[in-house]
Amino acid sequence: MSSIVKPTTSKNSGLLKRMWDAKILYLILLPGLIHLILFKLLPLFGLVIAFQDYSIFKGILDSKWIGIEHFSKFMSDPYFWKLVRNTLLLAFFNLLFVFPIPIIFALFVNEVRLSAVKRFVQTLSFFPYFISSAVIVSILYKVLSPQGGLVNQMLNLAGFESVFFMADPGWFRPLYVMLNVWQLFGYSAIIYMAAMTSIDPHLYEAADIDGANRFKKIINVTLPSISSTIVVMFILAIGQILTVDLDKILLMYNPSIYDTADVIQSYVYRQAFASDGFPNYSFGAAVGLMQSVIAFVLVMMANKVSKKYSESRLF
Amino acid sequence: MKKFSWFDLINNTLLVLVALLCVYPFVLIMATSLSDGKAVVAGSVYLLPKGLNLEAYKYILGNERLGVTAGLLNSLFYTVVGGFVAVLVTFMTAYPLSRKRLIGRYTIMLLFLFTWVFEAGIIPNYIVYNGLGLVNSWLVMILPMAVNTFLLIITKSFLDELPYELEEAAVIDGANDWQIMWRVFFPLSKPIIATISVFNAVYIWNQFLIPMIYLQDRSMQPITVILYNMIINSSKGGTSLENITVNGVQLLPQNLQAASIFLAVVPILLIYPFTQRFFTKGMLLGSVKG
């Protein structure tokens, strides 16, 4: 074999030779590389407009640099703090319900002994996950409509007045969270159910001998056995806490409920794409950059912590 | 025979109810779309259609002004073409990155991961896409979706697991990298290809924000945006609907909207049996191993 692998005198030419030998691999990689550069890296450079007074007609190179003016402007704007508050509250309530419900659901599905029932429940429960938010919110509008929507019909039958849910700021957070729970719990439960399949059956037999009932077994055997999965999922959820479902918010909100529904990302969207007014790209980009930096730090911290707890991690 | 237990009875009943709750809204929409408007306005449609008819679907699909047919066809086009491109590019990116000989593979992977975690945001994206001429171009529904980093990771980890000896054997037979990828590794990757095909198809079919921002031209809009304009945004310059009577059947906006919503769900219903098999596996692979 020594005739094939020749020792190279220069390290550099060896490297080039190895790259040349893999030339077809690089050609195969080309489309993905172009995608990476155009759609993933170039927008990062586009972030410099946060420090400019960007005009789409002048372009990035000719627009005026203004430093951190946009940042100081929104930091001193009370509305920005309202956005931060709305974002955090929405994320907090979302985590409070969207996180534990799949675990509880998985624990009870795990207790089902009839495999037909188990399959039926699983199949139906993660159907909503695949449906577009545009469809789901459309259905929500129909069901909650003050003109003959199912929920208001029920309210009227019970002797209550109709409620215009989609125009009431007090209802936005509960509706957003409920919709997320409904859409995600079946799908999120999959990971816990998978963790449960690897629990040693002897543990249950031992618990039987100790006279434990079903609830005792759930609490003392199943739950501890999946605790590391729960911890990891929780840390990852914390890392992504600022990631609101922008599609859903844009579909659900309207000016009458901005008071609770307007979050950082929807505000950024309006800065650039609202039909009324002149687009303020730079200011929006600055607000968006702020959010991205905080989200990035959170994800990195979460990833670091989750590495400590188990082999599983985000990357 | 197992012993009867109250726990099982209550648990099974509750879980079945929860599961039914997950699909009930779709059943209600379907029932409304198939009912006579008179029954809908009387509030008597809960589960089964009253005055069963297909007039709402005929009206929706035959009425160009509403844009539902065009929206469905657009969505289908984006999903099929975009899904194909995405699977092709994702596989062709994951394969070289899974070969240890490829110098620079860690850096490239790191850049993918970094841009996944650190989002530039919608405005910098808009400026770049605008520069690339993607505003009001159907390519905006194809090209930016070509590589989803999460799917790239699960495809790469699948390829990482395949034995290296396969490649050695093919090299001895005189195959080059292009041939090895397609003739040796691609056939072995069918499970992961199926998974990412379904992921990509659902992802593109459900897109809302991208077409909202980039496709102002109504003739290019997918069904999600058409639905938004018809149902949610109808009072603010969206698509308006009127009460009409066709063949003795009353069609209310509710019927027509329900029919449009249901049409947007049908393709998902059709691929749902496959999603079940592949999605679950894919998700476990992705979230556990990364």
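A, B, ... follow the sequence lines: proteins, then strands. Residue 1 opens every chain.
A distance-only check finds no donor-acceptor pair linking the side chain of A:K40 to the backbone of B:F114 [under 3.5 Å]. Side-chain atoms of A:W182 come within 3.5 Å of backbone N or O of B:L21 as a donor-acceptor pair. Judged by distance alone, with hydrogens and angles left aside, the side-chain atoms of A:S125 form no donor-acceptor pair with the main-chain N or O of B:A19 at under 3.5 Å.
If you measure heavy-atom distances from B:I103 to chain A, the contacts under 4.5 Å come from both the backbone and the side chain. Only the side chain of B:L132 comes within contact range of chain A, judged by heavy atoms closer than 4.5 Å. Both the backbone and the side chain of B:V147 have a heavy atom closer than 4.5 Å to some heavy atom of chain A. Both the backbone and the side chain of A:V112 come within less than 4.5 Å of a heavy atom of chain B. At a 4.5 Å heavy-atom cutoff, B:S260 makes no contact with chain A through either its backbone or its side chain. With a threshold of 4.5 angstrom between heavy atoms, B:N11 approaches chain A through side-chain atoms but not through N, CA, C or O. Only the side chain of B:Y24 has a heavy atom closer than 4.5 Å to any heavy atom of chain A. Residue contact with chain A, scored on non-hydrogen atoms closer than 4.5 Å, involves the backbone and the side chain of B:F112 alike. Proximity to chain B (any heavy atom under 4.5 Å) is shown, for A:I139, by both the backbone and the side chain. Contacts of A:Q291 with chain B are absent, with no heavy-atom separation under 4.5 Å from either backbone or side chain. Contact annotation for A:M154: only side-chain heavy atoms (C-beta onward) come within less than 4.5 Å of a heavy atom of chain B. Residue A:Q153 touches chain B through its side chain alone, counting heavy-atom pairs closer than 4.5 Å. Using a 4.5 Å cut-off between heavy atoms, B:M109 does not touch chain A at all. With a threshold of 4.5 angstrom between heavy atoms, B:L134 approaches chain A through side-chain atoms but not through N, CA, C or O. For chain B, no part of A:A295 is nearby; none of its heavy atoms comes within less than 4.5 Å. Using a 4.5 Å cut-off between heavy atoms, B:Y95 touches chain A through its side chain atoms alone.
Rounding to the nearest 0.5 Å places CD1 of B:I123 at 8.0 Å from CG of A:N280. Residue B:Y272 holds its OH atom at 11.5 Å from OH of A:Y129, rounded to the nearest 0.5 Å. Taken from OG1 in B:T93 to CD1 in A:I34, the straight-line distance is 10.5 Å, to the nearest 0.5 Å. Remark: A:Y281 OH to B:Y126 OH distance equals 4.0 Å, nearest 0.5 Å. Taking CD1 from A:I218 and CZ from B:F7, the interatomic distance works out to 4.0 Å, rounded to the nearest 0.5 Å. Note that CG of A:L36 and OG1 of B:T149 are 8.0 Å apart. Values are rounded to the nearest 0.5 Å.
Contacts with chain A were tallied for B:I127, B:T224, B:L152; B:I127 has the most, counting heavy-atom pairs under 4.5 Å. In terms of heavy-atom pairs under 4.5 angstrom with chain A, the leader among B:A264, B:G104, B:G121, B:A146 is B:A146. Across A:A22, A:P128, A:A272, the residue that shares the most heavy-atom pairs under 4.5 angstrom with chain B is A:P128. The candidate from B:V23, B:L102, B:I223, B:V45 with the greatest count of non-hydrogen atom pairs under 4.5 Å with chain A is B:L102. The candidate with the highest count of non-hydrogen atom pairs below 4.5 Å against chain A, out of B:V89, B:L15, B:I268, B:L227, is B:L15.
Between B:R101 and A:L25, the closest side-chain pair of non-hydrogen atoms falls below 4.5 Å. The side-chain heavy atoms of A:F130 and B:I271, taken from C-beta on, include no pair separated by under 4.5 Å. The side-chain heavy atoms of B:F91 and A:I28, taken from C-beta on, include no pair separated by under 4.5 Å. Inter-residue side-chain proximity for A:P31 and B:M92 is flagged as met; some heavy-atom pair is nearer than 4.5 Å. Under the 4.5 Å side-chain criterion, counting only non-hydrogen atoms from C-beta, A:R214 is in contact with B:S5. At a threshold of 4.5 Å between non-hydrogen side-chain atoms, the residues B:L143 and A:H35 do not count as touching. When side chains are defined from C-beta on, B:I213 counts as touching A:Y269, because their heavy atoms get closer than 4.5 Å. At a threshold of 4.5 Å between non-hydrogen side-chain atoms, the residues A:L41 and B:L111 count as touching.
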> Can you list the steps and then say if A:L250 with B:L209 is a side-chain contact (heavy atoms from CB on, under 4.5 Å)?
Replying inline: CA-CA 9 Å; A:L250 292 180; B:L209 194 59; 3.2 Å; yes
> Which is it for B:N206 and A:V135 under the side-chain contact (heavy atoms from CB on, under 4.5 Å) test, yes or no, and what are the steps along the way?
Replying inline: CA-CA 9 Å; B:N206 288 343; A:V135 168; over 6 Å; no
>> Assess the residue pair A:L289 and B:F118 against the criterion (side-chain contact (heavy atoms from CB on, under 4.5 Å)); give the C-alpha distance rounded to whole Å, side-chain angles, the decisive distance to 0.1 Å, and a yes or no.
In response: CA-CA 9 Å; A:L289 175 61; B:F118 190 91; 3.9 Å; yes
>> Determine whether B:D177 and A:K23 satisfy the following criterion, salt bridge (Lys or Arg N to Asp or Glu O under 4.0 Å), listing intermediate values before the conclusion.
In response: CA-CA 9 Å; B:D177 281 317; A:K23 58 185 178 296; over 6 Å; no
>> Would B:C22 and A:F127 count as a side-chain contact (heavy atoms from CB on, under 4.5 Å) here? Give the steps.
In response: CA-CA 7 Å; B:C22 290; A:F127 184 65; 5.8 Å; no
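Residue-environment remark: CD (B:Q221) exceeds the threshold of 12 foreign heavy atoms within 6.0 Å. Under a cut-off of 6.0 angstrom, the local environment of CZ in A:F45 is sparse, with at most 12 non-hydrogen atoms contributed by other residues, nucleotides or ligands.
Side-chain contact annotation: A:K142 with B:Q254, donor-acceptor N/O pair under 3.5 Å absent.
Pairing each heavy atom of B:P124 with each of A:G46, the nearest pair is CB-C, 4.0 Å.
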